[in-house]
Protein chains: 2
Amino acid sequence: MAEKVTLFAVAERAGVSIATVSRVVNGLTTNGPTEEKIRRAIDELGYEPNSAARALRVNASDQICLALPDLNNPVYQAMTRGVQRGFKLSKYRLMLSPSLSTTEEVILQLKSLGRNYADGVILSSLVFDEEIEKILSTLRIPVVLVGGAIDRPKYDNIRVDSERGVGMAVDYFFSAGRKKILFLNGPWITNPAKRRKEGFLESMRSHQIKNPENYIANAKAFNPKAAVEALSGIKKLNQFSAILCANDLLAAGAIKFLSGRKIKVPDDIAVIGIDNTDLAGLLTPTLTSVDFKAEYRGELAAKYLLERLENPNLPIKKTIIEPELIIRESA
Amino acid sequence: MAEKVTLFAVAERAGVSIATVSRVVNGLTTNGPTEEKIRRAIDELGYEPNSAARALRVNASDQICLALPDLNNPVYQAMTRGVQRGFKLSKYRLMLSPSLSTTEEVILQLKSLGRNYADGVILSSLVFDEEIEKILSTLRIPVVLVGGAIDRPKYDNIRVDSERGVGMAVDYFFSAGRKKILFLNGPWITNPAKRRKEGFLESMRSHQIKNPENYIANAKAFNPKAAVEALSGIKKLNQFSAILCANDLLAAGAIKFLSGRKIKVPDDIAVIGIDNTDLAGLLTPTLTSVDFKAEYRGELAAKYLLERLENPNLPIKKTIIEPELIIRESA
DNA sequence: TTGTATGCGTTATCAC
DNA sequence: GTGATAACGCATACAA
């Protein structure tokens, strides 16, 4: 391993003071005949500024923390790609939190941000309660919320119109004459599940369906296997002509389950997913899905955070993403 | 935003010196009646140690950099999950590099590591040349290579037996009487593509096939769309009874393409993928795929890096992952 | 066990 | 435009 090279080494080699080198490195001195010498010394020695020293001095780490629930879910993979892209041309490095499923994990992660290793955080959590809210308010760095359900006026926030998205799917089913709709939801404690359920109930009622809560099944997780398990437990599946799934992974499981039972999709039962992930185009039949534009949300979150870092006094920004129903073969 | 609280604040409140507080924080002082006071002060003030100051002082950032080609590819998503898991119980935070496709991007990323913001790096690159090698040797932090093709005796290294994995697939085709095999490869410049191609040629020759290089198609990227494009360009597709795809995404594209042409999988043409990603079980037919255990490799890479960080003098570790053919419906 | 004091590498203030 | 120097917050060598 090579020896470490600091400002002092460069200064010595160039025959100037460290202050001058520092200025050149930071572009505070343009012309001057010294600059040439210094640049050469930097190249020859392979000098790279020490992040920690700089961070300590200017109180900024040039790092961003991305706090997400679960990298198994393609929707967060897409969001991550969006965030990556959003920061690509910036000076910021991206930190990836571990998977944050429970309130405790979220809190631990947020608390650790008190160590000042990040200049900002993009948080997308399945859960949101007062305790999390409290810790958020103690953070000394800007926060961008992606998908925080309730209105949180203090933070830049990118939400999705869940109710509308779910409603679009229900409407589409009805327009195709499918009125017996099963809503296959994920774990009911999570925020997205709550919102999507509300949207379903509301939309069904608007179509004059009584007691729509009877047409809801809950999978234990947002994945294909849980979908299969949940559907296996349903007695009279053929009473339904459509299944609306709370995300694409559940839809993938549903399609597998149905074709295993020789039930034709969409002829016998139509299926719509939510999130419109990469998966949708690869399934057979290809999956009709409500696009909540996860990658775009990630990119937008990055943009909002960058803008706030540049100017902390900007007014709070709120965006509600309009969902779009991407129609493919499954419905 | 709350005001910042340092060791000084805690020390003042507890009526001790900052050194004593520092020791308590770092667990260098056990009992003592002072500890109680200090802990209370820490709690009351909500003290969190400043990462930058600590990093500067001890010359360690408690951060790890994960440098990957492409988060669009599920195999790297899986690897990332493995790495996340591997570091979950450690003190290390995970930094995610931007997508590293070209040599230039890899070099830029590696150079930036000279800023000492990471204590170690896990590198999985599609490309490896002398220039990258040179920069690697100047790094002052441990490196774990995942999938560096050539032997690199200086670094902990987790490889995959590509040739063997591809051979398993070819053997399986032959055992099912399928001898006319098309190899649908990715961009030929990348390392995995080279290795997999070699494995294919070698294996075909061992089955007495002459000029196997005539049975190779190259997709422009490792994704479904590129697979469709590549297959569209093939005149006499029905001369083949099997397609081996260089990864699952290509296989997904191939299956879509074939079913679009009313070619039955596996009856008319069998398909095998590589990587055995989450996708495999969700396609129709489900995809037979060579498992290179990406998630496990990620976790192992994290383990190797942790061990080396703990003890830099350990002998270099090399592991070659044994592939496994996961048989599903597509072949 | 506790306190004092030094330095990690950098930026920024101040004189020149 | 340049150089000397203080300070960022912490860990630790040393003295007590």
Side-chain angles (χ1 to χ4, degrees), chain A residues 2-39 41-42 45-63 91 112-119 140-141, chain B residues 2-39 41-42 45-63 91 112-119 140-141:
Chain A
E3 54 188 303
K4 70 167 60 177
V5 31
T6 72
L7 276 184
F8 285 89
V10 177
E12 195 168 66
R13 180 154 189 137
V16 296
S17 76
I18 62 166
T20 307
V21 178
S22 175
R23 287 191 205 98
V24 168
V25 169
N26 295 355
L28 300 180
T29 288
T30 28
N31 56 23
T34 18
E35 181 174 353
E36 167 77 4
K37 277 191 311 190
I38 294 178
R39 293 229 175 272
I42 287 176
L45 295 174
Y47 168 76
E48 293 277 351
N50 181 303
S51 304
R54 181 169 201 290
L56 176 59
R57 181 59 230 246
V58 304
N59 196 27
S61 62
D62 289 358
Q63 297 185 156
K91 64 179 178 183
S112 85
L113 286 168
R115 294 155 122 85
N116 277 6
Y117 59 80
D119 298 341
R140 304 177 53 260
I141 58 176
Chain B
E3 55 188 303
K4 69 168 61 178
V5 30
T6 71
L7 275 186
F8 286 90
V10 177
E12 195 169 66
R13 179 158 193 132
V16 296
S17 76
I18 62 165
T20 308
V21 179
S22 174
R23 288 191 201 98
V24 167
V25 169
N26 295 359
L28 300 180
T29 289
T30 28
N31 55 25
T34 19
E35 181 174 354
E36 169 78 4
K37 279 191 309 188
I38 293 177
R39 294 227 174 273
I42 287 176
L45 295 174
Y47 169 75
E48 294 275 351
N50 180 303
S51 303
R54 182 167 202 291
L56 177 58
R57 181 61 231 251
V58 305
N59 196 26
S61 62
D62 289 357
Q63 296 184 155
K91 64 180 177 181
S112 85
L113 286 169
R115 294 155 121 87
N116 278 5
Y117 60 81
D119 298 341
R140 303 177 54 261
I141 57 176

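Letters A, B, ... mirror the listed sequences (proteins, then strands); counts begin at 1.
- Within 4.0 Å (heavy atoms only), B:V16 reaches sugar-phosphate atoms of the nucleic acid but no base atom.
- For A:S17, counting side-chain heavy atoms from C-beta on, the closest listed nucleotide (D:dC10, C:dT2, D:dG3) is D:dG3.
- Side-chain N/O atoms of A:Y117 include none lying less than 4.0 angstrom from OP1 or OP2 on D:dG9.
- The phosphate of D:dG9 has neither OP1 nor OP2 within less than 4.0 Å of any side-chain N or O from B:T6.
- Of the side-chain N and O atoms in B:T20, one or more sit less than 4.0 angstrom from OP1 or OP2 of C:dG3.
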Under 3.5 Å, N/O pairs linking protein and nucleotides 14-16 of chain C:
none

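- Contacts of A:R13 classified as side chain to side chain donor-acceptor pair (under 3.5 Å), with partners at least two apart in sequence or in another chain: A:E44.
- For B:T20, the side chain to side chain donor-acceptor pair (under 3.5 Å) partners two or more places apart in sequence, or in a different chain, are B:S17.
- Here the C1' atom of nucleotide C:dT10 and the CG atom of B:N59 are 14 Å apart, to the nearest Å.
- Here B:N26 lies in heavy-atom contact (under 4.0 Å) with sugar-phosphate atoms only.
- Note that CG of A:N59 is 3.5 Å distant from NZ of B:K4, once rounded to the nearest 0.5 Å.
- Listed by chain and residue number, nothing satisfies the side chain to side chain donor-acceptor pair (under 3.5 Å) test with B:D62 (two or more places apart in sequence, or in another chain).
- Across the protein-nucleic acid pair, B:N50 atom CG and C:dT10 atom C1' stand 14 Å apart, rounded to whole Å.
- With C:dG3, D:dT2, D:dT12 as the choices, the nucleotide that has an atom nearest any side-chain atom of B:V58 turns out to be D:dT12.
- D:dC10 atom C1' lies 13 Å from atom CZ of A:R115, rounded to whole Å.
- Residue A:T34 is the one, among A:L56 and A:T34, whose nearest nucleotide of DNA chain D lies closer to the 5' end (criterion: closest heavy atom).
- In this structure, CD of A:E36 is placed 17 Å from C1' of D:dG1, rounded to the nearest angstrom.
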What nitrogen or oxygen pairs link the protein and nucleotides 5-7 of chain C at under 3.5 Å?
unit_1: C:dG7; atom_1: N2; unit_2: B:R57; atom_2: NE; d: 3.3
unit_1: C:dG7; atom_1: N2; unit_2: B:R57; atom_2: NH1; d: 3.0

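- A heavy-atom distance below 4.5 Å is found between the side chains of A:I42 and A:V25.
- The side chain of A:K4 places an N or O atom within less than 4.0 Å of a non-bridging phosphate oxygen (OP1 or OP2) of C:dG9.
- Listed by chain and number, the residues in a side chain to side chain donor-acceptor pair (under 3.5 Å) with B:D119 are B:S61 (sequence neighbours excluded).
- Here the closest non-hydrogen pair linking B:Y117 and B:Q63 is O-NE2, 2.7 Å.
- A:L28 places its CG atom 13 Å from the C1' atom of C:dT13, with the value rounded to the nearest Å.
- Across the protein-nucleic acid pair, B:E48 atom CD and D:dC10 atom P stand 11 Å apart, rounded to whole Å.
- In this structure the side chain of A:L7 reaches within 4.5 angstrom of the side chain of A:Y47, judged on heavy atoms.
- As rounded to whole Å, 17 Å separates atom C1' of D:dG9 from atom CZ of A:R54.
- Contact record, A:V21 with A:A11: CG2-CA, 3.7 Å, taken as the closest heavy-atom pair.
- Remark: C1' of C:dC8 and CG of A:L7 are 13 Å apart, rounded to the nearest angstrom.
- From B:R23, atom CZ reaches atom CD1 of B:I18 across 10.0 Å, with rounding to the nearest 0.5 Å.
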